[in-house]
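First the proteins, then the strands, lettered A, B, ... as listed; each starts at 1. Just so we're clear, the structure is a prediction, and the values are computed from it rather than from any experiment.
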Amino acid sequence: MNLIEDLRWRGLLAQSTDEAALAESLKKPLTLYVGFDPTAPSLHVGNLVVLLVLRRFQLAGHIPLALVGGATGLVGDPSGKNEERTLNSSDTVSEWVGRIKEQVSVFLDFNTSKNPAKVVNNLDWTAPLSAIEFLRDIGKHFSVNQMLARDSVASRLEAGGISYTEFSYQVLQSYDYLELFRRYNCTLQLGGSDQWGNIVAGLDLIRRVEQGSGHALTVPLLTKADGTKFGKTAGGSVWLDPEMTSPYAFFQYWLNTDDKDVINFLKVFSFKSHAEITELEKSHIENPGLREAHRELARELTTLVHSKEVAERVEAAAKALFGQGDLSQLDLLTLKSALSELPQTKVSSLEEIPTWVDLIAATGVVDSKSAARRIVKEGGAYLNNEKISGEEFRPSKNDFLCGKYAVLRKGKRDLAAIELV
RNA sequence: GGCGGGUUGCCCGAGCGGCCAAUGGGAGGGGACUGUAAAUCCCCCGGCUCUGCCUUCGAAGGUUCAAAUCCUUCACCCGCCA
């Protein structure tokens, strides 16, 4: 099975220019790129879809370029947005560029001699360009009529308007493709399906300026069975940065995937073979309660994004802490490593121990003390897996397992740790 | 630049001088049922030193015993005209 067929099987093809020609080009190593704009200090699981497709291309022998949008991030992509976004300062953007470069690098191989990956920043070729050069050398090739017709622009015009800044975004992205075509003979740009317009605009530019040709390939927007947005939880996006989404929470996010989505997610995110996925699908249908497919998904993604050690640690932590397990059976070392994955707070052994409400508020698991009180009132408050009641409830020194740790739980699965120091 | 309409809690959206921490929906949270799933049902959903107090209805002033609701100025958005 070739790469294109594999992508189709995984449901990863949305649109492409001449597919037969692309399949032909893919018989030899080809250089391709995907752009990521720094709109936050970290990528999130939504970005993972296309990033992993880039990885699939490298595994298939092609040369991947990961573009981090130091320039485009300063301007703002109107695609998929119904209102103008506020500009971030250039200091902020350049800091985010640095972080995202590192994150992207985890998924690509830079050391192979055959088809090493490269990370590029479009600020490198955009910053030196003068406004006049930009208008004469690039702008001249764009028809405003066509630019206005682009979906991202048209919908914004309808929704109330667009600034000249964001209107120009497609020109910048097109120029990126042209520049990568020139520098690296890059002839394929991948992106989310919302990027189609920007990508073909780049192809047009390459054709006009260099009389060259290239390909465009987009990946469908990932949808969930219940219609909610992929990659979001109550706390916001699921980030790749362990400081922003703990590996424990990351693992749990995948583990809690809706049954209806889990096989689809395995196809999209996992590098397992078709046979392995089909096998998991079978076991999932036969015994969904076992959640073998969920577990494999969570393990593989946590391993890929964090590491094998981390994945094993967070899974062990979940096992030790979850449900009705008797926490007092755990030894100090197991307890300590399991709890290290959770939100924590410390209390002094010299002072009176604060109430459950104050403690859980201190860990950040609830937004406010009022919220914490509500949880207690509603019967969702636990200490060491034992339900507690009364807003004034205070743990005693004896509640600290091994004399050192206590486990707070809110609802069924929100855990936090307290350390006695 | 002129005229008209708008800005309400995480989002959408009622309210148009006291009964307003503010109707309703969505999202979210807790419980029941389960499989750390979905669906369903019940409850909750500004904060706090919590029978009370404090801060919210674009911002700042003002009128009033009393304002999200009236007046003034400013900012932003939308529409029509220049």
Side-chain angles (χ1 to χ4, degrees), chain A residues 81-87 155-163 166 223-238 246-266 280-281 283-299 302 314-325 327 338 341-343 352 354-358 360-383 385 387-394 407-416:
Chain A
K81 297 270 177 288
N82 48 18
E83 56 185 28
E84 192 82 10
R85 53 173 95 184
T86 44
L87 295 172
S155 59
R156 278 282 294 277
L157 287 175
E158 224 163 287
I162 183 168
S163 66
E166 288 194 12
T223 54
K224 291 208 300 181
D226 62 3
T228 56
K229 229 176 178 172
F230 170 75
K232 296 278 181 193
T233 64
S237 296
V238 179
S246 76
Y248 179 85
F250 186 87
F251 186 91
Q252 292 293 321
Y253 177 77
W254 297 105
L255 190 65
N256 285 317
T257 299
D258 192 327
D259 280 14
K260 295 203 266 315
D261 289 319
V262 70
I263 299 301
N264 188 26
F265 282 11
L266 276 170
L280 284 170
E281 184 168 17
S283 96
H284 173 64
I285 291 166
E286 278 167 12
N287 192 350
L290 216 57
R291 294 184 310 146
E292 204 41 51
H294 296 75
R295 241 177 273 283
E296 282 301 320
L297 180 69
R299 272 183 204 137
T302 310
V314 296
E315 189 174 2
K319 207 172 191 173
L321 298 171
F322 221 87
Q324 309 311 313
L327 296 170
E341 309 302 330
L342 303 176
E352 189 185 25
T355 61
W356 188 94
V357 166
D358 285 330
I360 197 142
T363 64
V365 165
V366 290
D367 293 332
S368 67
K369 288 184 190 175
S370 298
R373 285 189 200 99
R374 235 175 271 137
I375 302 295
V376 176
K377 203 162 38 179
E378 293 170 342
Y382 299 81
L383 174 68
N385 283 343
K387 184 178 282 200
I388 62 118
S389 61
E391 291 182 14
E392 296 307 314
F393 179 88
R394 252 172 233 281
V407 181
L408 303 178
R409 192 168 110 219
K410 179 203 106 178
K412 282 179 191 159
R413 51 185 129 107
D414 240 348
L415 296 164

A/K377 near the nucleic acid: base, sugar-phosphate alone, or nothing, with a heavy-atom cut-off under 4.0 Å?
nothing

Pairwise C1' distance, B/A67 and B/A60 [rounded to whole Å]:
16 Å

I'd like the P distance from B/C74 over to B/G1, given in whole Å.
12 Å

Could you check which nucleotide pairs with B/C53 in any of the strands shown, counting Watson-Crick or G-U wobble with both distances under 3.5 Å?
B/G47

Nucleotide-resolved protein contact map, nucleotides 31-37 of chain B, B/S/- at heavy-atom distance under 4.0 Å
S-BBBBB

Checking N1-N3 plus N6-O4 or O6-N4 for Watson-Crick, or N1-O2 and O6-N3 for wobble, each under 3.5 Å, the partner of B/U64 is none

What integer number of Å spans the C1' atoms of B/G15 and B/U69?
8 Å

Yes or no on salt bridge (Lys or Arg N to Asp or Glu O under 4.0 Å) for A/R409 and A/D414, after CA distance, side-chain angles and deciding distance?
CA-CA 6 Å; A/R409 192 168 110 219; A/D414 240 348; over 6 Å; no

Euclidean distance for P, B/U40 against B/C45 (whole angstrom):
22 Å

Rounded to the nearest Å, what distance is computed from the CG atom of residue A/D367 to the C1' atom of nucleotide B/C45?
11 Å

Sequence-distant partners of A/E296, salt bridge (charged side-chain N to carboxylate O under 4.0 Å, His left out), two or more places apart
A/K272, A/R299

Look up atom CG in A/L290 and atom NE2 in A/H284, then write down how far apart they are to the nearest 0.5 Å.
11.0 Å

Rounded distance in Å between the C1' positions of B/A14 and B/G26
15 Å

Distance, rounded to the nearest Å, where A/K369 contributes NZ and B/C53 contributes P
21 Å

Base-pairing assignment for B/U36 (Watson-Crick or G-U wobble, both under 3.5 Å)
none

Taking the C1' atom of each, how far is B/C70 from B/U64, in whole Å?
9 Å

Quote, to the nearest angstrom, the P distance that separates B/A66 from B/C76.
33 Å

4.5 Å side-chain heavy-atom contact, A/L408 and A/Y382
no

Tell me the partner of B/A75, counting only Watson-Crick (N1-N3 plus N6-O4 or O6-N4) or G-U wobble (N1-O2 and O6-N3) with both under 3.5 Å; none if nothing fits.
B/U7

Can you tell me, in whole Å, how much space there is between the P of B/G4 and that of B/C71?
13 Å

Which nucleotide, in any strand shown, forms a Watson-Crick or G-U wobble pair with B/G1, with both distances under 3.5 Å?
B/C81

With a 4.5 Å cut-off on side-chain heavy atoms, are A/L321 and A/L342 touching?
yes

With a sphere of 6.0 Å drawn around CG of A/D367, does it hold more than 12 non-hydrogen atoms of other residues, nucleotides or ligands?
no

Which pairs of donor and acceptor atoms, one on a side chain in residues 254-262 of chain A, lie under 3.5 Å apart (sequence neighbours left out)?
from, atom 1, to, atom 2, distance (Å)
A/N256, ND2, A/Q252, O, 3.0
A/T257, OG1, A/W254, O, 2.5
A/D258, OD1, A/K260, N, 3.0
A/D259, OD1, A/H294, NE2, 3.3
A/D261, OD1, A/A225, N, 3.0
A/D261, OD2, A/A225, N, 3.2

Partner nucleotide, any strand, of B/C20 [Watson-Crick/G-U, under 3.5 Å]:
none

